[in-house]
Amino acid sequence: MPTIRANDLDISYEEIGSGPPLVLLHGASTTGRETFAAQIPALAEAFRLVLPDARGHGRTIWDAADGFEAEWLVDDVEAFVDALGLPTFHLFGYSMGATTALGFAARAPERLRTLVVFGTTAAREPRASVGRRLMDPERILRDDPAWAAQMTRTLDATQGPGAWQRLLPAIAADIDAQPLLTPGELRAISAPTLVAVGDRDPLVPVGQAWELSRQVRDGRLFVAPDSGHDVLTRRPALALEALRGFYRSTESIATTRAEAPPEVPR
């Protein structure tokens, strides 16, 4: 996988397909290839997919013992797309990646052609309390040894021994402390936005997803039935259908937004 120097990191990434650029931001403890596995083949037929590894994930080396903040992830994405020379692009994030995508959209709304966020909210609870419990290493080792073994094979293999046991508590602690976007910042998000949630997501109640879809300027809501937080893997065909419908319905707006791109810093 190639890397590109951005924000004092060597950010590892993949590119798949051709067409308008679509940056995909993965969830915690995983990679883009894993998060979006069921959607990549179809999306790559219509888009140039760009899948960066977040710091501390995949092959983007970062020790969470040195800190981990949502705002840093937004900084990383901004520096990454600047380094790639992408003045405007589509952005799609899941869970942790959705929080990053929302933060970037609030910071630089004019750079997005469209925005898709699966499994995030602008509220702190219940994300913080549920995340604290789910990402507790002692609980994982005791109750979910398969997940612990998977992260040892993946995260620890690239980030070093014990990496996942430092990373997950750092992410949970940041959810407790990260600044929340204000109503004004959310209203400044002008790109067509799809907010998606599972109807049984313990981290993101449907009501909060609905509220987010109403707070952004041009929002739509997709609620996946019989789904928890993992909509992309639990209901992959339904998620893909929603994505296709969204991108079809917003194509002309996205084209217009791409025709007047902001200047990319050099």
Side-chain angles (χ1 to χ4, degrees), residues 19-27 32 35-36 39 43 46-47 49-51 70-71 73-74 77-78 81 86-123 127 178-199 201 203-224 227 229 231-232 235 238-262:
L22 170 56
V23 178
L24 302 173
L25 305 181
H26 62 78
T35 293
F36 304 103
Q39 290 75 40
L43 291 177
F47 296 97
L49 305 183
V50 183
L51 297 89
E71 194 73 9
L73 300 184
V74 178
V77 170
E78 184 173 28
V81 295
L86 298 178
T88 68
F89 51 95
H90 300 269
L91 186 58
F92 176 4
Y94 166 74
S95 193
M96 181 186 78
T99 301
T100 304
L102 203 60
F104 181 90
R107 179 185 295 185
E110 72 285 352
R111 296 190 65 173
L112 295 188
R113 303 184 191 185
T114 65
L115 173 66
V116 176
V117 288
F118 271 65
T120 196
T121 171
R127 280 192 310 137
Q178 61 191 221
L180 301 177
L181 294 175
T182 67
E185 288 173 319
L186 292 170
R187 192 64 183 169
I189 297 174
S190 54
T193 301
L194 176 63
V195 178
V197 66
D199 64 347
D201 190 336
L203 290 139
V204 182
V206 170
Q208 289 184 3
W210 176 85
E211 185 175 359
L212 176 58
S213 73
R214 301 276 67 80
Q215 287 176 300
V216 299
R217 202 174 301 175
D218 185 12
R220 299 145 177 83
L221 177 66
F222 165 60
V223 179
S227 296
H229 192 60
V231 173
L232 295 174
R235 301 302 299 271
L238 192 58
L240 184 57
E241 182 181 348
L243 289 165
R244 282 173 164 158
F246 171 71
Y247 289 127
R248 277 196 306 268
S249 68
T250 59
E251 185 175 6
S252 62
I253 301 174
T255 300
T256 299
R257 293 178 67 88
E259 288 173 350

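All figures in this text were calculated on a predicted structure; none of them were measured in a lab. For reference, positions follow the sequence shown, starting with 1. Values reported hereafter were calculated over all heavy atoms of this structure, with side chains retained and with hydrogens, waters and symmetry mates removed.
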Asker: For residues 205-214, which residue pairs pass the side-chain hydrogen bond (donor to acceptor under 3.5 Å, both in side chains) check, not counting sequence neighbours?
Answerer: Thr121-Gln208
Asker: Using the side-chain contact (heavy atoms from CB on, under 4.5 Å) criterion, which residues pair with Thr35? Sequence neighbours excluded.
Answerer: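 Counting only residues at least two positions away or on another chain, Thr35 forms a side-chain contact (heavy atoms from CB on, under 4.5 Å) with His26, Thr30, Tyr94, Leu232.
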Asker: If the condition is side-chain contact (heavy atoms from CB on, under 4.5 Å), which residues does Ala46 pass it with, not counting sequence neighbours?
Answerer: none
Asker: Using only atom types and a distance under 3.5 Å, with no angle test, would you say the side chain of Arg127 pairs donor to acceptor with the backbone of Thr120?
Answerer: no
Asker: Measure the spacing between CZ of Arg244 and CG of Leu43 and express it to the nearest 0.5 Å.
Answerer: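 One finds 8.0 Å between CZ of Arg244 and CG of Leu43.
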Asker: Roughly how far, to the nearest 0.5 Å, is the CG atom of Leu194 from the CZ atom of Arg220?
Answerer: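 Reported value, rounded in 0.5 Å steps: 8.0 Å.
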Asker: As an exercise, state the distance from OG1 of Thr193 to CZ of Phe246, rounded to the nearest 0.5 Å.
Answerer: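 Thr193 OG1 to Phe246 CZ: 6.0 Å, rounded to 0.5 Å.
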Asker: Enter the distance from Leu91:CG to Leu24:CG here, rounded to the nearest 0.5 Å.
Answerer: 8.5 Å
Asker: Looking at Val197 and Ala209, what are the two nearest heavy atoms and their distance?
Answerer: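 Shortest heavy-atom separation between Val197 and Ala209 comes out as CG1-CB, 3.6 Å.
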Asker: Please name the pair of heavy atoms, one in Leu112 and one in Ala105, separated by the smallest distance, quoted to 0.1 Å.
Answerer: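 It is CD1-CB, 3.5 Å.
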Asker: Which class fits the ring pair Phe47 and His90: parallel under 30°, tilted 30 to 60°, perpendicular over 60°?
Answerer: perpendicular
Asker: Return the CZ to CZ distance between Arg187 and Arg217, rounded to the nearest 0.5 Å.
Answerer: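 These two atoms lie 6.5 Å from each other.
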Asker: Quick test of your reading: applying salt bridge (Lys or Arg N to Asp or Glu O under 4.0 Å), list the pairs with at least one residue in residues 87-107, sequence neighbours left out, ordered by first then second residue.
Answerer: Glu71-Arg107, Asp75-Arg107, Glu78-Arg107
Asker: Minimum heavy-atom separation for His229 and Gly119, please, with both atom names.
Answerer: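 Nearest heavy atoms, His229 then Gly119: CE1-O, 3.3 Å.
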Asker: How far apart are the C-alpha atoms of Thr99 and Gln178, what are their side-chain angles, what is the distance that settles it, and do they pass the side chain to side chain contact (heavy atoms under 4.5 Å, CB included) test?
Answerer: CA-CA 11 Å; Thr99 301; Gln178 61 191 221; 3.9 Å; yes
Asker: Provide the closest heavy-atom pair for Leu186 versus Ala122 in the form atom of the first, atom of the second, distance.
Answerer: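 Smallest interatomic distance, heavy atoms only, reads CD1-CB, 3.8 Å.
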Asker: For Thr255, which residues count as a side chain to side chain donor-acceptor pair (under 3.5 Å) partner, sequence neighbours excluded?
Answerer: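 For Thr255 there are no side chain to side chain donor-acceptor pair (under 3.5 Å) partners, ignoring immediate neighbours.
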Asker: Go through the steps to decide whether Phe36 and Phe92 satisfy the test ring pair (Phe, Tyr, Trp, His ring centres under 6.0 Å), and finish with yes or no.
Answerer: CA-CA 10 Å; Phe36 304 103; Phe92 176 4; 5.0 Å; yes
Asker: Would you say Thr250's side chain and Ile253's backbone share a donor-acceptor pair under 3.5 angstrom?
Answerer: no
Asker: Quick check: does any side chain N or O of Arg111 sit under 3.5 Å from a backbone N or O of Thr88, one acting as donor and the other as acceptor?
Answerer: no
Asker: What are the two closest non-hydrogen atoms of Ala98 and Val117, and how far apart are they?
Answerer: O-CG1, 3.6 Å
Asker: Set out, in order, the CA-CA distance, both residues' side-chain angles and the distance that settles ring pair (Phe, Tyr, Trp, His ring centres under 6.0 Å) for Phe104 and Phe89, then state yes or no.
Answerer: CA-CA 12 Å; Phe104 181 90; Phe89 51 95; 5.6 Å; yes
Asker: List the residues meeting side-chain contact (heavy atoms from CB on, under 4.5 Å) with Ala188, not counting sequence neighbours, and say none if there are none.
Answerer: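 In terms of side-chain contact (heavy atoms from CB on, under 4.5 Å), with neighbours along the sequence ignored, Ala188 is linked to no residue.
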Asker: For the residue pair Ile189 and Leu102, establish whether any side-chain heavy-atom pair is separated by less than 4.5 Å.
Answerer: yes
Asker: Can you check whether Ala191's main-chain N or O pairs, donor with acceptor, with Asp218's side chain at less than 3.5 Å?
Answerer: no
Asker: Please give me the minimum heavy-atom distance between Ala239 and Val231, naming the atom from each residue.
Answerer: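 Looks like CB-CG1, 4.3 Å.
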Asker: To the nearest 0.5 Å, what is the distance between CG on Leu243 and CZ on Phe118?
Answerer: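 These two atoms lie 4.5 Å from each other.
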Asker: Would you sort out whether Leu73 and Met96 count as a side chain to side chain contact (heavy atoms under 4.5 Å, CB included), showing the intermediate values?
Answerer: CA-CA 9 Å; Leu73 300 184; Met96 181 186 78; 4.0 Å; yes
